[in-house]
Amino acid sequence: MKYRKITILVVCFISLCCIFLYGVTFYKYSSVLPSGSALEKPNLLHILGTDDLGVDIFAQISRSFFHSMFIGLSCAFITFILGGVLGISAGFVGGKVDILISFFINIALSIPQLPVMIVLGAFLGQRTSNVILIISAFSWGSIAKIMRAKTISICDKPFIKLAKSYGGTNFYIIYNHLLRQLLPLLSVNAIAVIGSAIIQESSLAYLGLSDPLARSWGLMISKATRFNGIFFTEFWKWWLMSPLVSLVICTVLLRLLSKELQQILQN
């Protein structure tokens with residue numbers, strides 16, 4: 001319980017820091033316009049220093065937090081709907097519908113994600129909406145598979161068969177029996193998608209396949225690593241490490257939060 005509370009508190013703390021210091025304009029520096037000298041060390045004015053153009057790094061990281069969370073939440077919502085509907089339909093209806101949906105689930109799970117995502121990203125363009133659709137297309141399969149297996153398990157229980165024998169309609173059974181048990185599990189798995197979506201978006205941004213005008217941790221890392229001789233200077237200590245550490249902390253905390261919620265459901 002204590003471990004769970006610490007994880008939730010840290011996630012909330014990071015969110016509040018980004019919202020309070022930058023999102024509500026209490027932090028006076030822009031994430032796109034220069035506000036100091038190039039490559040300043042962390043100081044009282046720029047708490048994480050500046051990049052090669054003099055743009056404040058903390059402002060960029062905060063802006064990237066909102067951008068990454070927007071993409072993660074959008075992908076989670078799409079996979080929640082798509083994976084939930086297809087998985088529950090396959091498990092509940094069965095027969096040819098189950099065979100057809102299971103076939104597409106297996107295809108989605110067997111495709112190598114990163115190479116295909118790179119090709120689709122280059123083909124569809126660098127808009128944020130395209131990035132969300134590409135990531136969602138490779139995230140729904142695992143959720144649908146879990147929902148299908150859980151639905152089949154629930155449908156085999158006596159109270160479902162009893163409800164059918166008393167004339168319960170499919171809508172009645174799904175709404176009153178299945179969804180109450182499946183929605184918590186579906187929600188937890190959708191939360192797990194947020195962290196993986198952030199990693200995938202950062203990977204595409206690092207390769208130059210995301211929106212170049214949107215602030216992203218992956219884009220910041222890509223820009224820093226392409227700066228000539230950065231590893232022969234001390235610039236990497238604040239310019240490269242700041243977005244990298246932010247990315248790692250955010251994804252790890254989201255994963256821990258997802259696991260904690262899974263333990264709650266199991267108990």
Side-chain angles (χ1 to χ4, degrees), residues 1-16 18-19 65-93 98 101-102 104-105 108-109 113 128-129 131-157 159-160 163 170-202 247 249-267:
M1 180 66 69
K2 183 178 179 181
Y3 178 71
R4 182 184 309 141
K5 289 181 179 179
I6 292 174
T7 304
I8 295 174
L9 285 174
V10 174
V11 172
C12 293
F13 175 75
I14 294 175
S15 302
L16 288 175
C18 293
I19 293 172
F65 173 82
F66 293 113
H67 177 71
S68 297
M69 289 302 295
F70 171 74
I71 289 178
L73 291 171
S74 299
C75 293
F77 177 76
I78 294 174
T79 54
F80 178 91
I81 300 298
L82 186 60
V85 170
L86 292 178
I88 294 173
S89 299
F92 185 77
V93 177
D98 183 21
I101 294 177
S102 297
F104 285 110
I105 291 174
L109 293 175
Q113 295 187 11
T128 299
S129 58
V131 173
I132 292 173
L133 291 176
I134 292 170
I135 296 174
S136 300
F138 291 95
S139 302
W140 67 271
S142 58
I143 292 181
K145 188 172 184 178
I146 293 172
M147 289 298 102
R148 173 185 174 275
K150 187 64 176 179
T151 302
I152 293 174
S153 175
I154 296 174
C155 288
D156 287 336
K157 292 184 177 180
F159 65 87
I160 296 294
N170 291 338
F171 177 80
Y172 173 85
I173 294 172
I174 292 174
Y175 182 78
N176 291 280
H177 296 290
L178 289 180
L179 290 183
R180 291 183 179 181
Q181 298 188 57
L182 292 175
L183 280 180
L185 180 62
L186 181 57
S187 301
V188 169
N189 283 277
I191 292 175
V193 171
I194 299 176
S196 60
I198 291 175
I199 289 290
Q200 291 171 336
E201 187 277 331
S202 297
L247 177 62
I249 290 176
C250 185
T251 52
V252 168
L253 288 176
L254 287 170
R255 178 61 63 179
L256 290 176
L257 181 61
S258 175
K259 287 188 176 181
E260 290 297 323
L261 292 175
Q262 286 180 354
Q263 291 181 2
I264 293 175
L265 289 179
Q266 292 174 357
N267 296 331

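Side-chain contact check for Ile198 versus Ile71: every heavy-atom pair is 4.5 Å or farther apart. In this structure, the side chains of Val193 and Ser136 stay at 4.5 Å or more apart for every pair of heavy atoms.
Under the side chain to side chain contact (heavy atoms under 4.5 Å, CB included) criterion, Ile146 pairs with Leu185, Asn189, not counting sequence neighbours. Considering only residues two or more places apart in sequence or on other chains, Ala149 meets the side chain to side chain contact (heavy atoms under 4.5 Å, CB included) condition with none of them. Applying the ring pair (Phe, Tyr, Trp, His ring centres under 6.0 Å) criterion to His67, with sequence neighbours excluded, gives no partner residue. Shown here are the side chain to side chain contact (heavy atoms under 4.5 Å, CB included) partners of Ile105, two or more places apart in sequence or in another chain: Ile101, Leu109, Trp140, Ala144, Lys145. Phe104 pairs by the ring pair (Phe, Tyr, Trp, His ring centres under 6.0 Å) definition with nothing, not counting sequence neighbours. Listed by chain and number, the residues in a side chain to side chain donor-acceptor pair (under 3.5 Å) with Ser102 are Asp98, Arg148 (sequence neighbours excluded). Under the side chain to side chain contact (heavy atoms under 4.5 Å, CB included) criterion, Arg255 pairs with Ala192, Lys259, not counting sequence neighbours.
Residue Gln181 holds its CD atom at 4.0 Å from CD1 of Ile154, rounded to the nearest 0.5 Å.
For the residue pair Met147 and Ile88, the shortest heavy atom distance occurs at CB-N, 4.2 Å. Here the shortest heavy-atom pairing between Pro184 and Arg180 reads CD-O, 3.5 Å.
The side chain to side chain contact (heavy atoms under 4.5 Å, CB included) test with Cys250 is passed by exactly one of Leu247, Leu254, Val252: Leu254.
Applying the ring-ring contact (aromatic ring centres under 6.0 Å, His included) rule to pairs touching residues 175-194 yields Phe159-His177, Phe171-Tyr175, Tyr172-His177, sequence neighbours excluded.
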(message) Determine whether Cys155 and Leu178 satisfy the following criterion, side-chain contact (heavy atoms from CB on, under 4.5 Å), listing intermediate values before the conclusion.
(response) CA-CA 8 Å; Cys155 288; Leu178 289 180; 4.3 Å; yes
For residues 74-86, run the donor-acceptor check on the side chains, cut-off 3.5 Å, and write out each pair with its distance to 0.1 Å, sequence neighbours left out.
residue : atom : partner : partner atom : Å
Ser74   : OG   : Phe70   : O            : 2.7
Thr79   : OG1  : Cys75   : O            : 2.9
Thr79   : OG1  : Ala76   : O            : 3.0

